[in-house]
Number of protein chains: 2
Amino acid sequence: MKNLLYLKDEQIKDCIQLLLYAYRETFSDPLEILKKNSLGAAHYRALHLVERNEGININELLIKLKITKQSLNRVLKELKRLKLIKQLKDKNDTRRKLLYLDQNGKKFYQEVFESQKKRIFNALKHSDSDSVIKFKEVLKKIINGKK
Amino acid sequence: MKNLLYLKDEQIKDCIQLLLYAYRETFSDPLEILKKNSLGAAHYRALHLVERNEGININELLIKLKITKQSLNRVLKELKRLKLIKQLKDKNDTRRKLLYLDQNGKKFYQEVFESQKKRIFNALKHSDSDSVIKFKEVLKKIINGKK
DNA sequence: TAAAATATGTCAACATATCTGACCAAAATA
DNA sequence: TATTTTGGTCAGATATGTTGACATATTTTA
């Protein structure tokens with residue numbers, strides 16, 4: 001049995017705290033721009049997922065966001081009102097509604113993303129390629145978790 | 001100029017998404033136990049910081065949490081009521097109140113931490129020492145951010 | 001084809017955790 | 001003594017989530 005220092009409780013607590021701070025800072029950066037448009041973090045999370053998964057339907061989005069459809073609906077209603085996203089019927093199953101960024105959406109998303117990007121960009125720029133790969137690997141293991 | 005693949009927008013978006021998911025999963029694990037005691041994530045964040053900084057005062061805690069004193073006050077009131085934390089006056093400056101875990105607090109904190117620890121522990125266990133070091137380095141750069 | 005399942009939308013009520021702004025008191029410091 | 005610092009409190013607002021109930025259109029299944 002190796003003496004795995006980095007598995008000691010204090011080290012784990014360190015990781016948890018770093019994760020909390022990194023998340024908080026990363027997601028507080030874009031709040032200002034969002035607020036100007038009377039939107040919040042929840043709208044951005046949905047917008048981000050639509051941007052990265054153009055044509056996603058409501059159900060898939062719900063699963064990724066892990067919120068109820070009532071909560072999501074409120075968010076989507078406002079995003080549609082502001083012409084940031086649009087819905088098109090799935091031709092193979094017209095019950096399903098597929099989500100896309102609308103005209104304003106692409107521009108707005110890019111603006112919000114830029115505000116958030118700076119922090120990550122600088123962090124990665126000052127890290128080497130290997131560090132970034134390992135950083136993402138550990139994050140993925142945390143996400144998939146539970147042994 | 002090197003061709004830094006990992007600085008492309010798509011890679012940055014990947015990182016942001018991983019960070020969001022890792023945070024969400026890590027902090028959703030302990031919610032069940034907290035809820036049994038009618039506490040939430042906010043109480044745990046405060047409890048965690050008191051555990052890691054025994055004798056911290058209110059102002060320092062406010063700065064670490066980045067919330068208003070009104071919000072913190074409500075959280076601390078409940079933690080004190082449940083005998084999870086206690087306040088002692090600073091003898092050098094009796095305006096200041098220093099926070100410590102109370103009897104119940106140590107036991108309760110450990111229980112909640114264990115529920116959260118599993119996920120991180122497994123992720124780190126399946127990573128090598130170098131990966132963990134680099135993982136933490138990148139997180140720190142993200143936190144200190146802004147060039 | 002009739003019944004069941006699926007995908008989405010909506011209403012209402014409520015819970016939680018945050019915020020702002022105003023104001024107060026005790027203690028330390030200039 | 002006047003000002004600043006530290007902490008507490010009240011009241012109201014906002015953002016985001018929850019449950020539960022119900023409606024509609026469409027697809028799938030028996």
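What you see below is based on every heavy atom in this structure, not just the backbone, and it leaves out hydrogens, waters and symmetry mates. Chain identifiers are assigned alphabetically (A, B, ...) following the order of the sequence lines, protein sequences preceding nucleic acid strands; residue numbering begins at 1 within each chain.
Using a cutoff of 4.0 Å between basic side-chain nitrogens and carboxylate oxygens, A:Lys117 and B:Asp9 are scored as salt-bridged.
Annotation for A:Glu54: atom CD counts as buried by contact number, over 12 foreign heavy atoms lying within 6.0 Å.
OP1 or OP2 of C:dT20 has not a single side-chain nitrogen or oxygen of B:Thr68 nearer than 4.0 Å. For C:dA7, the OP1/OP2 oxygens have no side-chain nitrogen or oxygen of A:Asn57 closer than 4.0 Å. OP1 or OP2 of C:dG9 has at least one side-chain nitrogen or oxygen of A:Lys80 nearer than 4.0 Å. Under 4.0 angstrom from either OP1 or OP2 of D:dG7 there lies no side-chain N or O belonging to B:Asn73. Taking side-chain N and O atoms only, A:His43 has a distance below 4.0 Å to OP1 or OP2 of D:dT16. The side chain of A:Lys97 places no N or O atom within less than 4.0 Å of a non-bridging phosphate oxygen (OP1 or OP2) of D:dA25. Taking 4.0 angstrom as the limit, A:Gln70 places none of its side-chain polar atoms (N or O) nearer than this to OP1 or OP2 of D:dG20.
One interatomic measurement links the two molecules: CZ of A:Arg74 to P of C:dT8, which rounds to 19 Å at whole-angstrom precision. Between the CD1 atom of A:Ile56 and the P atom of C:dA7 there is a distance of 13 Å, given to the nearest Å. Atoms CD1 (B:Ile63) and P (D:dT6) sit 9 Å apart, rounded to a whole Å. Nucleotide C:dC19 holds its C1' atom 14 Å from the CG atom of B:Leu72, rounded to whole Å. Across the protein-nucleic acid pair, A:Arg81 atom CZ and C:dT10 atom P stand 14 Å apart, rounded to whole Å. The interatomic distance linking B:Lys77 (NZ) with D:dG8 (C1') rounds to 8 Å, in whole Å. With rounding to whole Å, A:Lys36 atom NZ is found 20 Å from D:dA15 atom C1'. Protein atom CG of A:Leu62 is 11 Å distant from nucleotide atom P of D:dG17, rounded to whole Å.
There is no side-chain donor-acceptor pair under 3.5 Å between B:Lys86 and B:Gln103. A:Gln116 and A:Tyr44 share a donor-acceptor pair across their side chains, judged by distance under 3.5 Å alone.
When distances are taken from the side chain of B:Arg96 to each of C:dA7, D:dT27, D:dG7, the shortest belongs to D:dG7. In the set D:dG7, D:dG17, C:dG9, the nucleotide with an atom closest to the side chain of A:Lys69 is C:dG9. Candidate nucleotides C:dG9, D:dG17, D:dT26 were compared by shortest atom distance to the side chain of A:Thr94, and D:dT26 ranks first. Ranking D:dT16, C:dT6, C:dG9 by closeness to the A:Ala42 side chain, first place goes to D:dT16. Across D:dT6, D:dT26, D:dT16, the shortest atom-to-atom separation from the side chain of B:Arg95 is found for D:dT6.
As judged by a 4.0 angstrom heavy-atom cut-off over every strand, A:Lys35 is placed among residues making no nucleic acid contact. At a threshold of 4.0 angstrom between heavy atoms, the contacts of A:Gln87 are confined to the sugar-phosphate backbone, with no base atom among them.
Of the two residues near DNA chain D, A:Leu39 and B:Leu76, the one whose nearest nucleotide lies more 5' is B:Leu76. Two residues, B:Asp93 and A:Ile67, neighbour DNA chain D, and the one matched to the more 5' nucleotide by heavy-atom proximity is B:Asp93. Summary of the strand contacts: B:Ser71 and A:Asn59 both lie near DNA chain C, and taking for each the nucleotide with the nearest heavy atom, the more 5' one is attributed to A:Asn59.
Remark: side-chain polar atoms of B:Ser71 are not paired, donor with acceptor, to backbone N or O of B:Ile67 under 3.5 angstrom.
Relative orientation of the B:Tyr23 and A:Tyr23 rings is parallel, given thresholds of 30° and 60° on the angle between their planes.
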